Amino acid sequence: MIDSHQHFWKYSPVKDAWIADDMRVIQRDFFPEDLAPILAANNIDGCVAVQADQSEAETHFLLELAGQHDFIKGVVGWVDLRADNLTERLAYFSQYKKLKGFRHIVQGEPAGFMLDPKFIKGVKALSSFHYTYDLLLYHYQLEEALQFVEQVPDVKIVVDHIAKPSIRTKEKTKWELNMAALSTFENVYCKVSGMVTEADWKNWKKEDFFPYLDELQETFGVHRLLYGSDWPVCLVAGTYEQQLSIVQSYFSTFSNDENNLVMGENARKFYNL
């Protein structure tokens, strides 16, 4: 079993200004020593550490932790995908075997960012080095994402956090149409992760998520869905076990083979762990 999406950080109010006061439960350090017992308690064999800060220092920080802890199977780092010297930077990073791909926090960028020719060229460059790309965005950015994905057919892409639909308001129609369209691109996968933070933090129930998971398994299918916790961000809306139970409950009627795909095998193949 693989948790395909979690974070580590040494908390800094300036660097981590996105962690607002209503998220004060995660305004502290989170390191592998904090996560290891949680994964063990839930029979999860390893994880993929994903960038939270947009700097090469963040990439090195995660690689250093991965070098010290075997259970960190892969790292999704950050590099300036629009930089003129991107090819040199990717060649440099290729020495690190646990570095599997890159992410940019597109959810914080203005409209049109994904269609910037420099950004598209940068993402395209990832395929030459067999790197993946994690697509972090909000549901209202999906139409732009469709135009973006069309231009990078050779890059393995995974949508983080089911594209952050507004689960708290039960909005689904536009999201499901766009996700169905996105699923037609065979190089695109989707993480069933980060869902609790898009729901009512204090009052969600498992069933709130099932209509969204129905759509994903009908469109992406069990071969292109990856379980991820989004720990420690998930802690603002529930424990590790609570967010895990949503995915486990939903897939409890599926076969063992199908569960194994979603809970680890797809992540292993996607990231080449």
Side-chain angles (χ1 to χ4, degrees), residues 1-6 39 42-48 50 73-74 76 100-101 103 130 132-137 139 142 145-146 149 152-165 167 172-199 204-231 234 238 240-273:
M1 283 174 71
I2 301 288
D3 179 343
S4 73
H5 198 106
Q6 53 73 217
L39 295 185
N42 290 285
N43 301 310
I44 294 172
D45 305 295
C47 65
V48 177
V50 180
K73 303 298 183 188
V76 175
K100 304 301 181 180
R103 181 174 87 153
H130 305 292
T132 62
Y133 182 71
D134 266 59
L135 182 57
L136 174 67
L137 75 172
H139 59 97
L142 279 168
L146 284 165
V149 164
V152 288
D154 298 327
V155 184
K156 288 204 309 193
I157 293 171
V158 62
V159 177
D160 290 345
H161 313 330
I162 73 168
K164 296 195 166 188
I167 297 168
K172 193 163 76 75
T173 308
K174 207 168 178 186
W175 169 85
E176 72 187 9
L177 289 170
N178 285 321
M179 288 299 278
L182 206 53
S183 74
T184 64
F185 296 93
E186 292 185 0
N187 59 317
V188 179
Y189 293 64
C190 183
K191 287 185 183 178
V192 286
S193 61
M195 297 183 293
V196 290
T197 47
E198 301 313 308
W204 62 264
K205 55 188 187 301
K206 285 181 199 175
E207 293 72 24
D208 295 342
F209 306 95
F210 291 178
Y212 297 89
L213 292 171
D214 282 341
E215 294 299 330
L216 294 172
Q217 73 89 13
E218 283 170 24
T219 52
F220 285 88
V222 293
H223 287 85
R224 286 192 286 153
L225 296 178
L226 288 64
Y227 162 70
S229 66
D230 198 26
W231 179 95
C234 67
Y240 191 98
E241 288 72 20
Q242 284 172 323
Q243 63 76 31
L244 174 60
S245 74
I246 296 165
V247 182
Q248 289 181 325
S249 296
Y250 181 81
F251 287 102
S252 62
T253 59
F254 288 63
S255 71
N256 280 343
D257 285 350
E258 289 169 324
N259 268 280
N260 289 341
L261 288 169
V262 176
M263 298 307 299
E265 190 60 22
N266 293 340
R268 193 182 69 73
K269 284 185 178 167
F270 180 83
Y271 286 120
N272 189 28
L273 303 177

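Predicted, not measured: the structure shown is a model, and the values here were computed from it. Computation of the quantities below employed the complete heavy-atom set of this structure, encompassing side-chain atoms and omitting hydrogens, waters and symmetry-equivalent molecules. Nothing fancy with the numbering, it's 1 onward along the sequence.
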Rounded to the nearest 0.5 angstrom, the CD-NE2 distance for Glu186 and His223 is 12.5 Å

* To do: May I ask you to test the Trp204-Gln243 pair for a side-chain heavy-atom distance under 4.5 Å?
  => no

Heavy-atom closest pair (Leu261 atom, Val222 atom, distance to 0.1 Å) is CB-O, 3.7 Å

Nearest heavy-atom contact between Met1 and Asp45 is N-OD2, 2.5 Å

Distance col, row Ser229:OG vs Leu39:CG, nearest 0.5 angstrom, shows 7.5 Å

Test side chain to side chain contact (heavy atoms under 4.5 Å, CB included) applied to Tyr271 and Ile2, step by step: CA-CA 11 Å; Tyr271 286 120; Ile2 301 288; over 6 Å; no

- Query: Judged by modelled atom types alone, do Asn266 and Tyr227 share a side-chain donor-acceptor pair under 3.5 Å?
  - Reply: no

Got a donor-acceptor contact below 3.5 angstrom from the Asp208 side chain to the Ile167 backbone? no

Shortest non-hydrogen pair, Ser4 vs Val48, comes out as O-CB, 3.5 Å

Report task. Compare all side-chain heavy atoms of Asp230 with those of Val50 and state whether any distance is below 4.5 angstrom. Result -> no

*Considering only heavy atoms from C-beta outward, does the side chain of Tyr240 approach that of Asp3 to under 4.5 Å?*
yes

So the salt bridge (Lys or Arg N to Asp or Glu O under 4.0 Å) pairs with at least one residue in residues 264-273 (sequence neighbours excluded) are Glu265-Arg268

In this structure, CG of Leu182 is separated from CG of Leu177 (nearest 0.5 Å) by 12.5 Å

Checklist entry - Okay, side chain of Thr132, backbone of Lys100: is any donor-acceptor separation there less than 3.5 Å? => result yes

A side-chain contact here means heavy atoms from C-beta on lying under 4.5 Å apart; do Asp154 and Asn187 qualify?
no

query = Would you say Asp160 and His5 make side-chain contact, with heavy atoms under 4.5 Å?
reply = yes

Show me the donor-acceptor pairs, under 3.5 Å and distance only, between side chains in residues 192-199 and residues at least two apart or in other chains.
from: Ser193; atom 1: OG; to: His161; atom 2: N; distance (Å): 3.2
from: Ser193; atom 1: OG; to: His161; atom 2: ND1; distance (Å): 2.8
from: Thr197; atom 1: OG1; to: Gly194; atom 2: O; distance (Å): 3.0

**Message:** Could you check whether any side-chain heavy atom of Glu258 comes within less than 4.5 Å of a side-chain heavy atom of Phe251, counting everything from C-beta outward?
**Reply:** no

Original post:
Would the number of heavy atoms belonging to other residues, nucleotides or ligands and lying under 6.0 Å from CD of Glu207 be above 12?
Top reply: yes

Rounded to the nearest 0.5 angstrom, the CG-OG distance for Asn259 and Ser252 is 8.0 Å

Inset, instruction - May I ask you to decide if Ile162's main-chain N or O and Trp175's side chain share a donor-acceptor pair within less than 3.5 Å? - result: yes

- Item | pair Gln217-Tyr250: side-chain heavy atoms closer than 4.5 Å | yes

Here the pair of heavy atoms bringing Cys190 nearest to Leu216 is SG-CD2, 4.0 Å

Determine, for Asp134 against Lys191, whether the closest basic-nitrogen to carboxylate-oxygen distance falls under 4.0 angstrom.
yes

Here the pair of heavy atoms bringing Leu142 nearest to Ala163 is CD2-CB, 3.9 Å

Original post:
Going by heavy atoms in the side chains, are Asn272 and His130 under 4.5 Å from each other?
Top reply: no

For Ser245 and Lys206 the tightest heavy-atom approach is OG-CE, 3.3 Å

OG1 (Thr184) and CG (Leu146) are apart, to the nearest 0.5 Å, by 7.5 Å

Rounded to the nearest 0.5 Å, the CG atom of Leu244 sits from the CD1 atom of Ile44 at a distance of 5.0 Å

